[in-house]
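Every heavy atom of this structure was used, including side-chain atoms; hydrogens, water molecules and symmetry mates were not. Just so you know, residue 1 is the first one in the sequence shown, and it goes up from there.
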Amino acid sequence: MSGFCAAIFGCDGLRLSEEEKQFFEDVQPFGFILFARNIDTADQVKALCAELRATVGHEAPILIDQEGGRVQRLRAPLVRDWLPPLVQVMQAGEKAERAMYLRYRLIAHELMALGIDANCAPMVDVARDETHPFLKNRCYGADPASVARIGRAVAEGLWDGGVYPILKHMPGHGRAVVDSHKEPPRVTASQADLEGDFAPFRALNDMPMGMTAHIVFEALDDRPATISDKMMRFMRHDIGFGGLIMTDDIGMEALNGTVDQRAKAAIEAGCDVILHCNGSLAERKAVAEAIGAMTPAAQARSEAVLAARRAPKPVDIEALAEELKAL
């Protein structure tokens with residue numbers, strides 16, 4: 001397999017322009033990500049997914065953020081509308097693990113029907129009283145051990161439906177009191193105090209793919225985790241994450257510099273892949289030029305991801321939906 005460009009790219013609209021097709025064919029990104037701007041009808045989404053994969057000539061992972069609540073790019077009537085994760089967990093009480101397994105098994109079924117095979121979940125950031133509202137109801141709880149168990153259930157629900165789970169936001173976003181889309185959160189807690197935040201990521205360090213947090217952990221380094229070689233070593237060795245590591249959206253304002261400068265810094269720090277969600281085709285071209293092909297280690301991890309793809313397990317979807325409703 002020839003080398004991939006170290007990127008996962010978004011695209012502009014409901015179908016690819018000729019210029020976009022040519023760009024993707026030329027640079028060969030590892031994968032793609034879809035947003036609301038790319039979604040209309042079921043047939044249109046399937047056609048777009050087929051078109052994206054045709055440009056690179058392989059079964060490229062196609063990602064989406066389908067957590068539920070505020071963060072769901074697909075909505076009714078195309079798919080079910082989902083409660084915010086924290087609301088679902090609280091409603092289910094001691095049956096939260098089963099409820100969240102069922103929820104994400106159903107989500108996986110909905111995604112696969114459209115040609116989408118990767119979901120940016122589980123999100124195992126530990127909620128705190130001060131967690132910023134942009135994140136809080138997307139969490140699964142405030143106890144690291146139960147967050148890890150629910151995160152595992154979410155991942156298994158996706159895997160059983162043939163969808164790649166993507167662990168986020170490594171190594172923990174729960175202490176953010178500002179929105180990292182707009183400015184860099186800084187965490188002043190000691191490393192000892194951060195152990196609870198890190199624990200769910202250690203428990204799920206066997207996930208195929210993980211996403212970084214654009215957060216400064218002052219006890220570990222003065223740079224955001226995404227562009228810190230120190231933090232990248234911490235994720236690999238202390239957290240023990242062996243899968244493919246992608247950045248959170250490189251366009252978020254928590255990082256300084258132009259988008260291509262941020263992308264280059266993340267690759268140099270040790271990220272395998274840049275996630276570029278929004279922005280012009282010119283910006284995507286600048287990012288591709290700045291980062292180039294994957295490193296040999298990243299290429300090996302990307303091939304391991306593709307080799308780990310699972311077929312959906314046969315299941316009675318309506319029965320699962322009824323069980324979830326009862327919970």
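- Of the options Met100, Glu67, Met123, a side-chain contact (heavy atoms from CB on, under 4.5 Å) to Val154 is made by Met100 and by none of the others.
- Under a 4.0 Å N-O distance rule, the pair Asp12/Arg37 does not qualify as a salt bridge.
- Closest of all the heavy-atom pairs between Phe217 and Gly172 is CZ-O, 3.1 Å.
- Atoms CD1 and CD1, from Ile39 and Ile64 in turn, are 4.5 Å apart once rounded to the nearest 0.5 Å.
- Using modelled atom types, one side-chain atom of Arg202 and one backbone atom of Asp238 make a donor-acceptor pair closer than 3.5 Å.
- Look at Arg15 and Asp43 and you find no salt bridge, because none of the NZ, NE, NH1 or NH2 atoms lies under 4.0 Å from a carboxylate O.
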Chi angles and distances behind the side chain to side chain donor-acceptor pair (under 3.5 Å) call for Asn38, Arg73: CA-CA 9 Å; Asn38 308 121; Arg73 311 303 180 202; over 6 Å; no
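- The two residues Met209 and Phe30 have their closest heavy-atom pair at SD-CE2, 4.3 Å.
- With hydrogens and angles ignored, the 3.5 Å screen pairs no side-chain donor or acceptor of Lys230 with any backbone N or O of Asp222.
- Across all non-hydrogen atoms, the minimal contact from Leu34 to Cys49 is CD1-SG, 4.1 Å.
- Taken from CZ in Phe198 to CG in Asn205, the straight-line distance is 14.0 Å, to the nearest 0.5 Å.
- There is a side-chain donor-acceptor pair under 3.5 Å between Gln299 and Glu303.
- The existence of a salt bridge linking Asp81 and Arg75 is confirmed by a sub-4.0 Å separation between a basic side-chain nitrogen and an acidic carboxylate oxygen.
- His173 and Phe134 have perpendicular rings, their planes meeting at more than 60° on a 0 to 90° scale where under 30° would count as parallel.
- Pro224 and Val216 get closest at one heavy-atom pair: N-CG2, 3.6 Å.
- Separating the CD1 atom in Ile150 from the CZ atom in Arg98 is a distance of 14.0 Å, to the nearest 0.5 Å.
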From CA spacing to verdict: side chain to side chain contact (heavy atoms under 4.5 Å, CB included), Arg53, Asp117: CA-CA 12 Å; Arg53 291 186 172 113; Asp117 64 350; 3.3 Å; yes
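- In this structure, the separation between SG on Cys271 and CD1 on Ile250 is 7.5 Å, given to the nearest 0.5 Å.
- Within a 6.0 Å sphere centred on CD of Glu130, heavy atoms belonging to other residues, nucleotides or ligands number more than 12.
- For the pair Ala142 and Val126, the tightest heavy-atom approach, listed with the atom from each and the gap, is O-CG1, 3.4 Å.
- Checked by atom type and distance alone, the side chain of Glu218 never pairs as donor or acceptor with a backbone atom of Ala189 at under 3.5 Å.
- Without hydrogens or angle criteria, Gln72 side chain to Asp65 main chain gives no donor-acceptor distance under 3.5 Å.
- Taking each heavy atom of Gly242 and Arg301 in turn, the nearest pair found is O-CD, 3.4 Å.
- Counting only distance, with no hydrogens or angles, the side chain of Arg103 and the backbone of Trp82 share no donor-acceptor pair below 3.5 Å.
- For the pair Asn119 (side chain) and Ile166 (backbone), a donor-acceptor distance under 3.5 Å is absent.
- The CE atom of Met170 sits 9.5 Å away from the CE atom of Met211 when rounded to the nearest 0.5 Å.
- Asp206 CG: more than 12 foreign heavy atoms inside a 6.0 Å radius.
- For Glu323, the CD atom counts as densely surrounded, since its 6.0 Å shell holds more than 12 non-hydrogen atoms of other residues, nucleotides or ligands.
- Glu289 CD: 12 or fewer foreign heavy atoms inside a 6.0 Å radius.
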I'd like to know whether Tyr101 forms a side chain to side chain contact (heavy atoms under 4.5 Å, CB included) with Arg105, so could you lay out the CA-CA distance, the side-chain angles of the two residues, the decisive distance to 0.1 Å, and finally the verdict. CA-CA 6 Å; Tyr101 170 86; Arg105 178 65 185 84; 4.1 Å; yes
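- Here the straight-line distance linking atom OG of Ser17 with atom CG of Leu281 works out to 6.5 Å at 0.5 Å rounding.
- Side-chain atoms of Thr258 and Gln261 form a donor-acceptor pair, as typed in the model, at a separation below 3.5 Å.
- Tyr104 is connected to Val79 through a chain of hydrophobic side-chain contacts under 4.5 Å among Ile, Leu, Val, Met, Phe, Trp and Tyr, so both are in one cluster.
- Residues Ser228 and Asp221 bring a donor and an acceptor atom of their side chains to less than 3.5 Å of each other.
- Checking Ile239, Val147, Leu167 one by one against Leu204, the side-chain contact (heavy atoms from CB on, under 4.5 Å) holds for a single residue, Leu167.
- Relative ring orientation between His58 and Phe4 is described as tilted, the plane-to-plane angle lying within the 30° to 60° band.
- Salt-bridge formation is not detected for the pair Asp248/Lys168: no Lys NZ or Arg NE/NH1/NH2 atom is positioned less than 4.0 Å from an Asp or Glu carboxylate oxygen.
- Salt-bridge annotation for Glu19 and Lys285: present, with a side-chain N of the basic residue lying under 4.0 Å from a carboxylate O of the acidic one.
- Glu253 and Arg262 are joined by a salt bridge, as a carboxylate oxygen and a charged side-chain nitrogen come within less than 4.0 angstrom of each other.
- Residues Met112 and Leu102 share a single hydrophobic cluster, defined by chaining ILVMFWY side chains whose heavy atoms lie under 4.5 Å apart.
- A salt bridge links Arg233 to Asp229: one of the charged nitrogens lies within less than 4.0 Å of a carboxylate oxygen.
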